[in-house]
2 protein chains.
Amino acid sequence: MSSTTGTDSTPGAIGADPAAPSTAQIMDSMAAVGTAYFHDFAAVVSRHGLTSVQAKTLSLLRRPLPMRGLADRLVCDASNVTGIVDRLESRGLVRREPNPTDRRVKNVVATEEGHATIRRIREEMQTTRDALDGLTLEERAGLYALLQRLRPAMEAPHS
Amino acid sequence: MSSTTGTDSTPGAIGADPAAPSTAQIMDSMAAVGTAYFHDFAAVVSRHGLTSVQAKTLSLLRRPLPMRGLADRLVCDASNVTGIVDRLESRGLVRREPNPTDRRVKNVVATEEGHATIRRIREEMQTTRDALDGLTLEERAGLYALLQRLRPAMEAPHS
DNA sequence: TATTGTTATACTCTATAACTATA
DNA sequence: TATAGTTATAGAGTATAACAATA
């Protein structure tokens, strides 16, 4: 639809219309902002003695999930989840509970400390919060609308 | 979907103004889109037999960089770069060259195949490209402008 | 003395394969 | 037979500490 979505590499685009960014330019910006976001996240969670994947797992446990459900959401093999949950459990941040209806399944539940930890992490991502606070209300609304519009297409099955 | 989208821990925001998203809501969207972007990237580079960090390293080598420069840009300890570059070099994607003016330094240079590989990877990120193609020209311009506005604050030194 | 790059070490994440206990 | 979870294994990324060569 966007007509000239030609691949880019900046053809003869010395004075290119600044209002018509190439796909490559947008991708570069997405990568830069995404990378900065995850650096902020990693720095904050490491102060809590957690790795990124451990904190991500904790953040998925707003409600109990089976090991398998965690593997699906983390987009990794189920065998990895054993170790990740082991380490969170040994720190008292999650618990494994038996599933009453299917004895093969174990439900992973965040403890009160686990919930508190992930709450604090969200609050402590100050670089990201400050960056968002630097936007006007209109810009914040625009950014959110665009990200929400992008999200389903980005998360769609990669045929 | 805005009603029962239990996506985040918004305070008492059941019927919150959709034009005034909370910081937490925006952060969740950023994380979701960022995660999807890096999943696309990881899937594409893995078809080329590369890990994400290897491909990221290759993408930094549009011009030669010393090992130390790579460590700075990858935001990791210098000792890690040895192994990453070792693996890229054993696949013929980069070369180590001596620095004429400082014999302690080794410049890492992408080979022709290295340049071609990173070029192909950018072109093959179809999920991301399709998502961007689903936006109107105005939306693309708005997204790019917002990301560019966010970038310096996000990349700022994390005191 | 300080810096560049490397090695050695230990831990975590990752996929694959094989196993168990359930279903 | 199929599924949930685990274990064993091997490769890769990560930080720390120590080292040689050079500045």
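Lettering follows sequence order; numbering is per chain, from 1. The shown structure was predicted, so the numbers you read here are calculated from the model rather than taken from an experiment. All values below come from the heavy atoms of this structure, side chains included, with hydrogens, waters and symmetry mates left out.
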query = Of all the nucleotides listed (C/dC13, C/dT6, C/dT16), which has the minimum atom distance to the side chain of A/Ser79?
reply = C/dT16
Hey, any chance [X] and [Y] share a hydrophobic cluster, counting ILVMFWY side chains that come within less than 4.5 Å of each other, even indirectly?
X        : Y        : answer
B/Val109 : B/Leu58  : no
A/Tyr144 : A/Leu135 : yes
A/Leu74  : A/Val105 : no

task = Name every residue in residues 52-70 of chain B that has at least one heavy atom under 4.0 Å from any atom of DNA chain C, in order of residue number, or write none if there are no such residues.
result = B/Pro66, B/Met67, B/Arg68
inquiry  = Just to be sure I understand the geometry, which residues of residues 95-111 of chain A put a non-hydrogen atom under 4.0 Å away from DNA chain C?
reply    = A/Asp102, A/Arg103, A/Arg104
Taking [atom1] from [X] and [atom2] from [N], how many angstroms apart are they, rounded to a whole number?
X       : N      : atom1 : atom2 : answer
A/Asp72 : C/dA15 : CG    : P     : 12 Å
B/Ile84 : C/dT6  : CD1   : P     : 12 Å
B/Glu89 : D/dA12 : CD    : P     : 15 Å
A/Asp86 : D/dT7  : CG    : P     : 7 Å
A/Leu50 : D/dT14 : CG    : C1'   : 16 Å
A/Asn80 : D/dA12 : CG    : P     : 16 Å

message = Does this structure show an ion pair linking A/Glu112 with A/Arg119, if we count only N-O contacts that are shorter than 4.0 Å?
response = yes
message = Using a strict threshold of under 4.0 Å (side-chain N to carboxylate O), is an ion pair present between A/Arg120 and A/Glu124?
response = no
inquiry  = Minimum heavy-atom separation for A/Ala78 and A/Ala71, please, with both atom names.
reply    = CA-CB, 3.7 Å
remark   = On a heavy-atom basis, the closest approach of B/Tyr37 and A/Ala31 is OH-CB, 3.5 Å
inquiry  = Under the side-chain hydrogen bond (donor to acceptor under 3.5 Å, both in side chains) test against A/Thr23, which residue among B/Arg122, B/Arg129, B/Arg140 passes?
reply    = B/Arg140
ask   = NA contact type, A/Thr82, heavy-atom cut-off 4.0 Å: base, sugar-phosphate, or nothing?
value = base
query = Within the distance-only criterion (no hydrogens, no angle test), does the side chain of A/Asp40 pair as donor or acceptor with the backbone N or O of A/Thr128 below 3.5 angstrom?
reply = yes
